[in-house]
Amino acid sequence: MAYLQFLGAAGTVTGSKHLINTSADGAGRRGFQVLIDCGLFQGQKEWRLKNWNDIPIPAREIDAVVLTHAHLDHSGWIPRLFKEGFRGKVYATPPTIDLCGVVLPDSGHLQEEEARFHNRKGTSKHIPALPLYTLEEAQDCLRFFEPVEFGETRQLSPEFSFRFVHAGHILGSSMVEVFLRHDGGRHKYLFTGDVGRVPIKQAPGRVVHSGPAPQEDPEILVMESTYGNRVHPREDVRPELADLIRRTVQRGGSVVVPAFAVERTQKFLFLVKELMETNQIPRLPVFVDSPMAIKAVEIYLKYSNEFTDEARELIRRYGSPLEWMGFTFAASAEESKKINGVQFPCIIVSSSGMVTGGRVLHHLMLRLPDPRNQVIFIGFQAPGTRGAIIKAGARSVRIFSEEVEIRAQIAALEQFSDHADTEELLHWLKTFSLKPETTYLVHGEPGAALLLQEAISSQLGWNVKVAEWLQKVALA
Ligand SMILES: [Zn+2]
């Protein structure tokens, strides 16, 4: 019997890993085994610790990974899977592979730094504390990535084939249509990965033009539910952003923006540039502090054909951010440290986006205690992350084993979201040409998933379930 099993992003947002086994018959034959996504658990400790656990089947018995997009909660466990013996291929779209080439080694670097930190401070139960994987191990596994274009059907075994269709979430992001041949029939299942903004009304966060692909007709739908309980503000983000920046400058403070280094940072930079060029904010210095930032800009510009007309127009008008006056890209640690000495108002964009690690920790440690400063969140903050703690209005947050007082102003601009909200998800589901037999909701906190389940079953009359961690589902 073919089955699907949820090995991650069930009961939580992060750690996406969905296993398909084509014919586990219990008689020694294990079938062809594919992981759709292979992400890191981030956020709450009880989930993060699962990054150290083996998955229920040996990694060497997995035949392939099909990856929806480059975000770490979908891709960040791939180097660990290799470390545990996986020797198959990782299939992804060309932009996703380029982005992983930057994001995965950086993740390895952060793991190593964290282990070094714990060893220095003696703050780990494990002696020595080890990284989940190293920069080198992450780099090494990249040669097993194989590009697959959108719309191309790829046969991986006699019974298993798949096709990427646009998800409209971030650069290169896809949904996976899986086709299984069994019991003499061909069955179609759809894994959404993360669903981008659906083009209804005004969705000002939308930069990637296409998707999610309409008129889908899977038997089983596995869909994300990150914003299953929310509606994003529909108004243009620019006036609010300009206002926040102007007021910070008037106070003599600086703006710190924790942002995913690849794509999200570039999107933000173009908006800031436009606000400056149209005199909506003063021309204050902008520091982009991430070791990956320069490479990330190049990838962003390389795939500009994936963007909306508006985003493309900005790129055409202003060219490469690497050449803009007043914008400084800090690649080295020394360049990064220099930003600490900047006393006049400036904008610092730094990763990681959920403040789980990276150079943004140093900037926040220095600037959070000063009420003149402003922190702006432009991305989802998973519960349990420092980002979520700061965003929720806590008075202090733990950084490098120290309790850092939060007196800076905190804002979150939800318009930047790359995830469809409830209304947009429903709008997309209404385009389906066939009602799925069952829809499983993944990639959401329990509350969000439950509300979305209610909304879909009451408005569309669909059979919807909230996926549970390690739950197995028989595939026809
Ligand atoms: Zn994502």
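Below, all heavy atoms of this structure are taken into account, side chains as well, without hydrogens, waters or symmetry copies. In each ligand, atom 1 is the first atom listed, and ligand 1 is the first ligand listed. On a predicted model such as this, the values are computed, not experimentally measured, just so you know.
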For this session: Assess Lys50 against Trp77: is NZ or CZ under 6.0 Å from the centre of the six-membered ring, and within 45 degrees of the ring's axis?
Result: no
Problem set entry | Pairing of Glu414 and Lys391 as salt bridge, 4.0 angstrom limit | yes
Exercise. Are Glu424 and Arg197 within salt-bridge range, i.e. N to O under 4.0 Å?
Worked result: yes
Problem set entry | is_close_aromatic(His74, His443), centroid dist under 6.0 Å | yes
Exercise. Under 2.8 Å from the Zn ion (ligand 1), which protein N/O/S atoms are there?
Worked result: His69 NE2, His71 ND1, His169 NE2, Asp194 OD2
For this session: Indicate, with yes or no, if the rings of Phe329 and Phe287 have centres closer together than 6.0 Å.
Result: no
Problem set entry | Lys188 to Phe179 six-membered ring, cation-pi geometry met (6.0 Å, 45°) | no
